[in-house]
Number of protein chains: 2
Amino acid sequence: MAELTLEDIAKKVGVSRSTVSRVINGSLNVNSEIRRRVMDVIHETGYHPNAAARSLASQRSGVIGLMLPRSVSSFFTDPFFPQLTQGVAYGCNKNDLTLSLYLVGNKEDEEKIYPRISRRGLLDGILIQAGQPDDRLIDYLDHSRVPNVILGRPFVLNGANYIDVDNIEAAANATRHLIKLGYERIATITGTQNSAVTLDRLEGYTLAMKQAGREIDDSLIVEGDFTEGGGYEAMQRLLPARPDAVFSASDIMAVGAMRAVQDAGLEIPGDIAFVGFDDIPMASSAVIKLTTIRQPILQFGIKAVELLLDIITNGKQPARRVMLETELVIRESCGCHKVNI
Amino acid sequence: MAELTLEDIAKKVGVSRSTVSRVINGSLNVNSEIRRRVMDVIHETGYHPNAAARSLASQRSGVIGLMLPRSVSSFFTDPFFPQLTQGVAYGCNKNDLTLSLYLVGNKEDEEKIYPRISRRGLLDGILIQAGQPDDRLIDYLDHSRVPNVILGRPFVLNGANYIDVDNIEAAANATRHLIKLGYERIATITGTQNSAVTLDRLEGYTLAMKQAGREIDDSLIVEGDFTEGGGYEAMQRLLPARPDAVFSASDIMAVGAMRAVQDAGLEIPGDIAFVGFDDIPMASSAVIKLTTIRQPILQFGIKAVELLLDIITNGKQPARRVMLETELVIRESCGCHKVNI
DNA sequence: TAAAGACGTGGGAGCGCTCTCACGCTTTAT
DNA sequence: ATAAAGCGTGAGAGCGCTCCCACGTCTTTA
């Protein structure tokens, strides 16, 4: 059997192409008896409209893209991205959208992916993970007129639509918690130097420290790279500065850092307390349960899809900024019992 | 400016639509001077062909799908799937394909996703992760004529094209390693009961044991569920049986199980040795470095894409089965030094 | 009672490509 | 010298939908 078309269905029912199209697209003005008969034939025959034809005629594909730039090499080492992807996928399912995933591996991929994104007719819009400041992609997208939403605050704003969690406030909150618990030498392990997330979380730390009248001691600020190994090494560099508490800019780095602390023969939270960021599943299942900032990662993905949909329908003006709230989840690693008990 | 079309480019250069199309599609029979001029105009104008129109006319979309069924709920707890996704993404990049990701969250999603997949014109083919035996999807796909490749051995074969690692041999290999090291009470933590991977890895374990003349002791076989928590609980159930070595059907379960062992005040590998399966990044970065079976996960994804491409081009007959080799990676958790030093 | 509106339906045009065929020209074989 | 084959090009048809307009029928309003 050849592939069925709208016209075939119409012929079988004895109506016109247009009527069948109306039934499929849920138009109101169709006689209910005819609607029923059309539906029946569609189910019997297992007919599905051709997506390409539909996209071409309607100028809408029902597909959105999710792009994770090259700088996000940690796709499979940090559970953050899989979870984000899942959130976006759910958002797509909810809104009857199909998700295209663009994982950029290397420079070569990058060259190939750009044109694929700008090709009209394939994507109705795209979600892009914010990356390094030198990321050419966001510029590139401003020129092409593909509706887009940046996941996370981009470095240069100029009119960009983005969604982000309030990293500054969240980090400040985490730091304040450690301050309140009476720790004297509170350190922080930051993320990769030149990313907005890193900057914001560091700013939150600094803010809370200053507000509490504490000096900022540079030896208590070390750079990680959002990987477990990076956290381990950062902690090794940090140990000589004798911190009694650490705010880590991501859970996965905190896990690495805690391992370094244990390897050094110290206790958590007895000798060094920890607060992380993300609340990945491992945070609650690790040997020492991690106190951390919970990001609504699934919600983040879902909201991002909805924001993009809004832009697709109503245009990118005015620029939209969505901020999501976070929450401090208290477990064992911060040593709360010190004061509570 | 309105969107450019082929015809616009043709007019600017002073040739016909057909010639521009030939240039874009790399046809040989084009005068090189004209080709150059066409290329120039394309670059100047930033023209990109419309994907929908192209798909409609050529009956090829250049998009393939990756479907992870509902039973794969562990998308973001087990790094296996993100890594697999990455492999598939690289395979797509290499072959100038776009990847659509279908993550099924719940029953409702499932209903919505089926028709999206069968819609012609959107997908050239699809990769499906093998799941439970009652998975309706694979049946469903056999009826629709979407070219497909199953990732992992499906329960019912009938003509299915699939790619898998040799789980039986790999598991046997892992078990033989423990046997060779002189362990007496070798246990295994299996995956979710009714999945082909679980069955195969268990069969490998049984095979190696029998070949070595060992009795199969049912109290040394416990079921996990491919999560860290599941591994922890499985190990707790296993401890009373006093194993001195464990082959875990996945690394992430091994990590959980090792935690249970430590929580029980026992040493690894001194009291209980471990071999895992997968070689996820955590295996080499955990506190106790895990001896494990390395699956070529990235390769797996890339090969899967190539296999699918072959099927798209040359038809699904004859059925193809691709088997990938694995490798035993020896680290600390198996206690190799016991015999070597 | 006639004009105006609402409703349900059909048909044509068109979305922007690819693909086949036909045409004229040049090169090669007979 | 002539036929055959090859090359580069253009034009037409068609991929399977959506969208708009026109048309007939029935209902509402002045």
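Keep in mind it's a predicted model, so treat the numbers as computed, not measured. Hydrogens, waters and symmetry mates are skipped; everything else that's a heavy atom, side chains included, is used. Numbered from 1 within each chain, the chains take letters A, B, ... in sequence-line order.
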Heavy-atom protein contacts under 4.0 Å, nucleotides 4-13 of chain D, coded B base, S sugar-phosphate only, - none
----SBBBBB

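Scanning residues 114-122 of chain B for heavy-atom distances under 4.0 Å to DNA chain C yields an empty list.
Rounded to whole Å, the distance from CG on A:L6 to P on D:dC19 is 12 Å. Between A:N25 atom CG and D:dC20 atom C1' there is a gap of 15 Å when expressed in whole angstrom units.
The shortest side-chain heavy-atom distance between A:N93 and B:I113 falls under the 4.5 Å cut-off. In this structure, A:L123 and A:I126 have side chains that are in contact, with non-hydrogen atoms separated by less than 4.5 Å. In this structure, A:N161 and A:K316 have side chains that are in contact, with non-hydrogen atoms separated by less than 4.5 Å. With contacts defined as side-chain heavy-atom distances shorter than 4.5 Å, the pair B:D164/B:V322 does not qualify.
With axes fitted over five pairs at each extremity, the angle between the ends of the helix from C:dT1-D:dA30 to C:dT30-D:dA1 is 40° (10° resolution).
Residue pairs meeting the ring pair (Phe, Tyr, Trp, His ring centres under 6.0 Å) criterion with at least one member in residues 297-323 of chain A: none, sequence neighbours excluded.
The residue A:E7 sits apart from the nucleic acid: no heavy atom pair falls under 4.0 Å.
Side-chain atoms of B:N95 do not come within 3.5 Å of backbone N or O of B:L97 as any donor-acceptor pair.
To the nearest 0.5 Å, atom CG of residue B:L66 and atom CG of residue B:L101 are 5.5 Å apart.
Under the side chain to side chain donor-acceptor pair (under 3.5 Å) criterion, B:S55 pairs with no residue, sequence neighbours left out.
One finds a salt bridge joining B:R116 and A:D96 here, because a Lys/Arg side-chain nitrogen approaches an Asp/Glu carboxylate oxygen to under 4.0 Å. Comment: B:D8 does not engage B:K12 in a salt bridge, judged by the lack of any side-chain N to carboxylate O separation of less than 4.0 angstrom.
Sparse packing is recorded around CE of A:M39, with 12 or fewer heavy atoms of other residues, nucleotides or ligands lying under 6.0 Å away. More than 12 non-hydrogen atoms from other residues, nucleotides or ligands lie less than 6.0 angstrom from CD of B:E7.
Side-chain contact annotation: A:S100 with B:T98, donor-acceptor N/O pair under 3.5 Å absent.
With a cutoff of under 4.0 Å to any heavy atom of chain A, the contacted region of DNA chain C is bounded 5' to 3' by C:dG8 to C:dC17.
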